[in-house]
Amino acid sequence: MQYWLFKTEPDAFSIDDLANMPNQTEHWDGIRNYQARNFMRDQIKQGDQVFIYHSSCKDVGIVGLAEVVKEGYPDHTQFNPEAKYYDLKSSPDNPRWYMVDIKFKQKFATLLPLKTIKEMADINEIGLVKKGGRLSVMPVIKTEFDLLLSCCQTTN
DNA sequence: GCCAACGTTGGC
DNA sequence: GCCAACGTTGGC
(Lines give C-alpha, C1' and ligand atoms only; values in the text may rest on other atoms or scores of the structure.)
Protein backbone atom coordinates (compact mmCIF):
# COMPACT_ATOMS: atom_id res chain seq x y z
CA MET A 1 0.00 0.00 0.00
CA GLN A 2 1.11 3.50 -0.83
CA TYR A 3 0.18 6.94 0.37
CA TRP A 4 -0.59 10.14 -1.53
CA LEU A 5 -1.71 13.69 -1.20
CA PHE A 6 -4.16 15.20 -3.71
CA LYS A 7 -4.65 18.94 -3.87
CA THR A 8 -7.94 20.53 -4.72
CA GLU A 9 -9.32 24.03 -4.71
CA PRO A 10 -12.34 23.86 -2.42
CA ASP A 11 -14.17 26.51 -4.46
CA ALA A 12 -14.07 24.06 -7.37
CA PHE A 13 -14.30 20.72 -5.57
CA SER A 14 -13.98 20.29 -1.81
CA ILE A 15 -13.83 17.38 0.61
CA ASP A 16 -17.52 18.06 1.31
CA ASP A 17 -18.30 17.75 -2.38
CA LEU A 18 -16.58 14.36 -2.38
CA ALA A 19 -18.56 13.26 0.67
CA ASN A 20 -21.79 14.30 -1.06
CA MET A 21 -21.16 12.41 -4.29
CA PRO A 22 -23.18 9.28 -5.06
CA ASN A 23 -21.40 6.45 -3.25
CA GLN A 24 -19.03 9.18 -1.96
CA THR A 25 -16.85 8.42 -4.97
CA GLU A 26 -15.55 10.66 -7.73
CA HIS A 27 -13.03 10.51 -10.55
CA TRP A 28 -10.10 12.83 -10.04
CA ASP A 29 -9.99 14.51 -13.43
CA GLY A 30 -8.17 17.57 -14.68
CA ILE A 31 -4.61 16.53 -13.86
CA ARG A 32 -2.51 18.19 -16.59
CA ASN A 33 1.01 17.82 -15.33
CA TYR A 34 3.24 15.02 -16.60
CA GLN A 35 4.77 14.05 -13.30
CA ALA A 36 1.36 13.89 -11.67
CA ARG A 37 0.03 12.02 -14.71
CA ASN A 38 2.72 9.39 -14.32
CA PHE A 39 1.62 8.78 -10.73
CA MET A 40 -1.99 8.51 -11.87
CA ARG A 41 -1.22 6.15 -14.73
CA ASP A 42 1.51 3.96 -13.26
CA GLN A 43 1.77 4.04 -9.53
CA ILE A 44 -1.49 4.76 -7.74
CA LYS A 45 -3.14 1.46 -6.83
CA GLN A 46 -6.48 0.36 -5.51
CA GLY A 47 -6.57 0.62 -1.72
CA ASP A 48 -3.94 3.35 -1.54
CA GLN A 49 -4.68 6.03 1.04
CA VAL A 50 -5.03 9.65 -0.03
CA PHE A 51 -4.91 12.84 1.97
CA ILE A 52 -7.20 15.52 0.58
CA TYR A 53 -5.61 18.96 0.71
CA HIS A 54 -7.32 22.28 0.15
CA SER A 55 -5.22 24.83 -1.73
CA SER A 56 -5.67 28.41 -2.96
CA CYS A 57 -8.16 29.28 -0.27
CA LYS A 58 -8.46 30.89 3.14
CA ASP A 59 -7.59 27.79 5.16
CA VAL A 60 -4.86 25.87 3.41
CA GLY A 61 -4.08 22.36 4.65
CA ILE A 62 -5.00 18.68 4.94
CA VAL A 63 -8.73 18.29 5.44
CA GLY A 64 -9.51 14.62 5.12
CA LEU A 65 -8.83 11.12 3.95
CA ALA A 66 -9.90 9.10 0.92
CA GLU A 67 -9.11 5.74 -0.65
CA VAL A 68 -8.34 4.78 -4.23
CA VAL A 69 -11.13 2.59 -5.61
CA LYS A 70 -10.19 2.56 -9.30
CA GLU A 71 -6.73 2.66 -10.82
CA GLY A 72 -5.54 4.87 -13.65
CA TYR A 73 -7.70 5.15 -16.76
CA PRO A 74 -7.98 7.85 -19.43
CA ASP A 75 -9.41 11.17 -18.28
CA HIS A 76 -12.40 11.62 -20.59
CA THR A 77 -12.44 15.40 -20.21
CA GLN A 78 -9.38 15.64 -22.46
CA PHE A 79 -11.46 14.54 -25.48
CA ASN A 80 -14.36 16.95 -24.94
CA PRO A 81 -13.91 20.23 -26.83
CA GLU A 82 -16.41 21.85 -24.47
CA ALA A 83 -14.49 20.88 -21.34
CA LYS A 84 -12.12 23.13 -19.51
CA TYR A 85 -9.43 20.47 -19.68
CA TYR A 86 -9.81 19.64 -23.38
CA ASP A 87 -6.52 18.71 -25.02
CA LEU A 88 -6.44 19.03 -28.80
CA LYS A 89 -3.32 16.92 -29.05
CA SER A 90 -4.69 13.91 -27.22
CA SER A 91 -6.71 11.11 -28.82
CA PRO A 92 -8.58 8.09 -27.44
CA ASP A 93 -6.07 5.84 -29.28
CA ASN A 94 -3.22 7.43 -27.41
CA PRO A 95 -4.56 9.23 -24.37
CA ARG A 96 -2.26 11.72 -22.76
CA TRP A 97 -4.00 12.22 -19.40
CA TYR A 98 -5.17 9.77 -16.77
CA MET A 99 -7.24 9.82 -13.63
CA VAL A 100 -8.21 7.55 -10.74
CA ASP A 101 -11.37 7.21 -8.70
CA ILE A 102 -11.29 7.91 -4.99
CA LYS A 103 -13.82 7.32 -2.25
CA PHE A 104 -14.37 9.54 0.76
CA LYS A 105 -13.29 8.04 4.08
CA GLN A 106 -13.08 10.78 6.66
CA LYS A 107 -13.18 14.53 7.12
CA PHE A 108 -11.04 15.71 10.00
CA ALA A 109 -12.75 17.80 12.68
CA THR A 110 -10.04 20.41 12.25
CA LEU A 111 -7.80 20.83 9.26
CA LEU A 112 -4.07 20.42 9.62
CA PRO A 113 -2.71 23.75 8.36
CA LEU A 114 0.20 23.94 5.98
CA LYS A 115 1.92 26.20 8.50
CA THR A 116 1.79 23.48 11.16
CA ILE A 117 3.01 20.84 8.72
CA LYS A 118 6.01 23.02 7.91
CA GLU A 119 6.76 23.43 11.61
CA MET A 120 6.72 19.69 12.37
CA ALA A 121 10.29 18.57 13.00
CA ASP A 122 9.78 15.07 11.61
CA ILE A 123 8.07 16.13 8.39
CA ASN A 124 10.82 16.72 5.88
CA GLU A 125 10.07 14.65 2.80
CA ILE A 126 6.54 15.47 1.73
CA GLY A 127 6.43 17.70 -1.35
CA LEU A 128 4.51 20.36 0.53
CA VAL A 129 7.60 21.31 2.49
CA LYS A 130 10.10 20.91 -0.35
CA LYS A 131 10.76 22.41 -3.69
CA GLY A 132 8.32 21.07 -6.21
CA GLY A 133 5.48 21.53 -3.75
CA ARG A 134 3.31 22.77 -6.59
CA LEU A 135 2.59 19.24 -7.75
CA SER A 136 -1.11 18.54 -7.39
CA VAL A 137 -0.52 14.83 -6.79
CA MET A 138 2.39 13.83 -4.60
CA PRO A 139 3.59 10.71 -2.84
CA VAL A 140 3.77 10.60 0.95
CA ILE A 141 6.13 8.18 2.70
CA LYS A 142 4.55 5.89 5.28
CA THR A 143 6.26 7.35 8.33
CA GLU A 144 5.16 10.85 7.45
CA PHE A 145 1.67 9.71 6.47
CA ASP A 146 1.23 7.98 9.83
CA LEU A 147 2.54 11.01 11.70
CA LEU A 148 0.33 13.45 9.84
CA LEU A 149 -2.69 11.20 10.23
CA SER A 150 -2.21 10.84 13.99
CA CYS A 151 -1.85 14.60 14.17
CA CYS A 152 -5.12 15.08 12.32
CA GLN A 153 -6.94 12.64 14.52
CA THR A 154 -5.61 13.64 17.93
CA THR A 155 -6.42 17.31 17.41
CA ASN A 156 -10.06 16.31 16.85
C1' DG B 1 18.70 20.31 -27.73
C1' DC B 2 19.16 25.02 -25.84
C1' DC B 3 16.94 28.67 -23.74
C1' DA B 4 14.00 32.82 -23.62
C1' DA B 5 9.38 33.93 -23.26
C1' DC B 6 5.31 32.88 -21.54
C1' DG B 7 1.74 30.63 -18.62
C1' DT B 8 0.31 28.52 -14.23
C1' DT B 9 0.35 27.43 -9.45
C1' DG B 10 -0.38 28.59 -4.98
C1' DG B 11 1.09 30.79 -0.54
C1' DC B 12 0.77 35.02 1.47
C1' DG C 1 -3.49 40.96 -6.17
C1' DC C 2 1.48 40.07 -5.94
C1' DC C 3 5.17 37.42 -7.10
C1' DA C 4 8.41 33.44 -6.76
C1' DA C 5 8.98 29.02 -8.47
C1' DC C 6 8.25 26.04 -11.80
C1' DG C 7 6.56 23.85 -16.22
C1' DT C 8 5.73 24.24 -21.15
C1' DT C 9 6.32 26.03 -25.71
C1' DG C 10 8.56 27.13 -29.75
C1' DG C 11 12.19 29.50 -32.51
C1' DC C 12 16.62 28.69 -33.81
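Below, read A as the first sequence line, B as the second, and so on, with proteins coming before strands; counting in each chain starts at 1. Just so you know, these numbers use all the heavy atoms, side chains as well, and skip hydrogens, waters and symmetry mates.
- Here CD of A:Gln24 is found 12.0 Å from CD of A:Glu67. Values are rounded to the nearest 0.5 Å.
- Partners of A:Asp17 according to the salt bridge (Lys or Arg N to Asp or Glu O under 4.0 Å) rule, which considers only residues two or more places apart in sequence or in another chain, do not exist here.
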* **Derivation of the ring-ring contact (aromatic ring centres under 6.0 Å, His included) call for A:Trp97 and A:Tyr73** => CA-CA 8 Å; A:Trp97 305 112; A:Tyr73 63 107; over 10 Å; no

* May I have the step-by-step check of side-chain contact (heavy atoms from CB on, under 4.5 Å) for A:His54 and A:Asp59, ending in yes or no? => CA-CA 7 Å; A:His54 282 176; A:Asp59 295 309; over 6 Å; no

* What string of B, S and - do you get for nucleotides 7-12 of chain B, 5' to 3', if B is base contact, S is sugar-phosphate-only contact and - is no contact with any protein heavy atom under 4.0 Å? -> -BBBSS

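- Between A:Arg32 and A:Asp75 there is a salt bridge, since at least one side-chain N of the basic residue sits less than 4.0 Å from a carboxylate O of the acidic one.
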